[in-house]
Structures are given as structure tokens and as C-alpha cells.
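Okay, structure first, notes after.
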Amino acid sequence: QVQLVESGGGLVQTGGSLRLSCAASGRTFSSYTMAWFRQAPGKEREFVAGISRGGRTTYYAESVKGRFTISRDNAKNTGTLQMNSLKPEDTAVYSCAAGPPSARYYNTNEYNSWGRGTQVTVSS
């Protein structure tokens, strides 16, 4: 498995931006599909965005499409989530996850490595 550590969360006003980072270590990061999930208080964890091993294919939840951008730098073992035009409903703990190449981006159960998460709070 690969170890993942998120950073970059914080408090931002509606319409603002944040950039989350996911630092990977332990195994070859480029071997893994990567994704971001989020969980708000009292709600189930939900898929946000996913990216293929080489970074050529990306997939987004409808709720963030056009506002969020997922990317990765395999040379630096880092994944990022650029979040623009943030809304109060984006408030959640954001976690990055790594899974096998066959993982379906949106399926939580197919990821076997998870970070501890970083809090994102969007004030109205």
C-alpha cells in the first residue's frame, strides 16, 4: 500500500479557492488510480474527483464539475485538487485515496489506501 497525507484545507468565503495536496510515499505512486472523496457531518462519504495513473483521464462528480480540477505529478508523488468558486455545501473533510488501475473512480470500496483528511470550511 501507499501512505497518503493531505494538506491545504482551511476556511474560505463563498466564491473563494483552495488547493489541496496529497503527498504519497511507500510505493510507486504512478501505479495507482487516485481520487478525492469528501464527507460532511452526518452524511456519507461521497466521490469528488478521480484521475488515472498517468493523469490523462479524469472524472468528476456533477456537483463539482467545472469548479474543481484534479491533477497529479508522479515525479513528485503528489496529487492535487484545485477548488474554485467554493460554496457552503462544499464544506467537508476531504480525503485522498489510492487504488488499483481497475478501480472505478466513484466506488469507495475499491480504494485500499486513504489519507486522514483535511477540513475544508466554506462560509456564507
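Since this is a predicted model, take the numbers as computed values, not measurements. Nothing fancy with the numbering, it's 1 onward along the sequence.
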Looking at [X] and [Y], what are the two nearest heavy atoms and their distance?
{"X": "Val2", "Y": "Ala98", "answer": "CG1-CB, 3.6 Å"}
{"X": "Trp114", "Y": "Ser95", "answer": "CE3-CB, 4.2 Å"}
{"X": "Ala40", "Y": "Ala92", "answer": "N-CB, 3.8 Å"}

Expected output: side-chain [X] to main-chain [Y] donor-acceptor under 3.5 Å:
{"X": "Thr33", "Y": "Pro100", "result": "yes"}
{"X": "Asn107", "Y": "Arg104", "result": "no"}
{"X": "Glu110", "Y": "Tyr105", "result": "no"}
{"X": "Ser52", "Y": "Thr57", "result": "yes"}
{"X": "Thr78", "Y": "Lys76", "result": "yes"}
{"X": "Thr91", "Y": "Val122", "result": "yes"}

Interatomic distance, [X] atom [atom1] to [Y] atom [atom2] [nearest 0.5 angstrom]:
{"X": "Arg56", "Y": "Ile51", "atom1": "CZ", "atom2": "CD1", "value": "12.0 Å"}
{"X": "Leu81", "Y": "Glu6", "atom1": "CG", "atom2": "CD", "value": "11.0 Å"}
{"X": "Cys96", "Y": "Leu20", "atom1": "SG", "atom2": "CG", "value": "9.0 Å"}
{"X": "Ser123", "Y": "Gln13", "atom1": "OG", "atom2": "CD", "value": "5.0 Å"}
{"X": "Ser113", "Y": "Gln1", "atom1": "OG", "atom2": "CD", "value": "4.0 Å"}
{"X": "Glu89", "Y": "Lys43", "atom1": "CD", "atom2": "NZ", "value": "8.5 Å"}

Begin from the C-alpha positions of Leu4 and Arg116 and carry the test side chain to side chain contact (heavy atoms under 4.5 Å, CB included) through to its verdict. CA-CA 8 Å; Leu4 304 172; Arg116 299 184 69 175; over 6 Å; no
Hey, are the side chains of [X] and [Y] touching, using non-hydrogen atoms and a 4.5 Å cut-off?
{"X": "Leu18", "Y": "Tyr94", "value": "no"}
{"X": "Tyr60", "Y": "Thr69", "value": "yes"}
{"X": "Arg53", "Y": "Pro101", "value": "yes"}
{"X": "Met34", "Y": "Ile70", "value": "yes"}
{"X": "Ser17", "Y": "Val12", "value": "no"}
{"X": "Trp36", "Y": "Phe68", "value": "no"}
{"X": "Thr80", "Y": "Arg72", "value": "no"}
{"X": "Arg45", "Y": "Val93", "value": "no"}

Validation row, ring centre Tyr111 to ring centre Tyr32 under 6.0 Å: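 No.
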Any Lys/Arg nitrogen of Glu46 or Arg38 sitting under 4.0 Å from an Asp/Glu carboxylate oxygen of the other?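 Arg38 and Glu46: salt-bridged.
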CA sep, side-chain torsions, deciding dist, call: Val48, Tyr106, side chain to side chain contact (heavy atoms under 4.5 Å, CB included): CA-CA 8 Å; Val48 175; Tyr106 52 85; over 6 Å; no
Measure the acute angle between the ring planes of Phe47 and Tyr59, then classify it against the limits of 30° and 60° as parallel, tilted or perpendicular.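 Aromatic pair Phe47/Tyr59 classed tilted.
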Is there a side chain to side chain contact (heavy atoms under 4.5 Å, CB included) between Met83 and Val120? Walk through the geometry before answering. CA-CA 10 Å; Met83 306 186 295; Val120 171; 3.8 Å; yes
